[in-house]
Amino acid sequence: MREVRKERVTVTMPADEAAAVRRFVDAGGAESVSAYVAEAVRGRLARDRALLALNELYARRGVRMDPEHHAWAREVLGVAAPAGPVS
C-alpha cells in the first residue's frame with residue numbers, strides 16, 4: 001500500500017461540533033480528529049464528484065439540472081443541502 005502525502009491545514013468550526021468530534025475520538029470512534037475530518041472530507045468530495053458527473057451526463061443529453069431539481073431530490077431522499085458551491 002502506498003503512503004498518501006499529507007498536508008497540515010487549519011479548520012475553524014463551531015465549538016460544539018469540535019467538542020463532539022473530540023468526544024467521539026476519545027470514545028474510540030476514530031483514530032484522531034484529523035482522521036475523522038479527513039473521512040468526512042472524503043465523503044463530501046465523493047458526493048460532489050458524483051453530482052458533477054450526473055450534471056455532465058444530463059448536459060450531454062441537453063438537459064439542465066436546475067437547483068429546484070436538486071432540492072426536490074434532496075427532499076425526497078431526506079438528504080440535507082450541501083454547504084458548498086455545488087447545488
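Distance check: Leu51 CG to Glu56 CD gives 10.0 Å after rounding to the nearest 0.5 Å.
Residues that satisfy the side-chain contact (heavy atoms from CB on, under 4.5 Å) test with Glu3, not counting sequence neighbours, are absent from this structure. Looking at residues two or more places apart in sequence or on another chain, you find a side-chain hydrogen bond (donor to acceptor under 3.5 Å, both in side chains) between Arg64 and Asp66.
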Scan the side chains in residues 4-20 for donor-acceptor partners under 3.5 Å anywhere in the protein, sequence neighbours excluded, and list what turns up.
none

Pairs of donor and acceptor atoms involving the side chains of residues 26-38, under 3.5 Å and at least two apart or interchain, shall be tabulated with distances.
| from | atom 1 | to | atom 2 | distance (Å) |
| --- | --- | --- | --- | --- |
| Ser32 | OG | Ser34 | N | 3.4 |
| Ser32 | OG | Ala35 | N | 3.0 |

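Taking Ile, Leu, Val, Met, Phe, Trp and Tyr as members and joining any whose side-chain heavy atoms lie under 4.5 Å apart, directly or through other members, Leu57 forms no hydrophobic cluster with any other residue. Under the 4.5 angstrom side-chain criterion for Ile, Leu, Val, Met, Phe, Trp and Tyr, the cluster partners of Val76 are Trp72.
Val41 and Leu52 fall into different hydrophobic clusters, where Ile, Leu, Val, Met, Phe, Trp and Tyr side chains are chained together by heavy-atom contacts under 4.5 Å.
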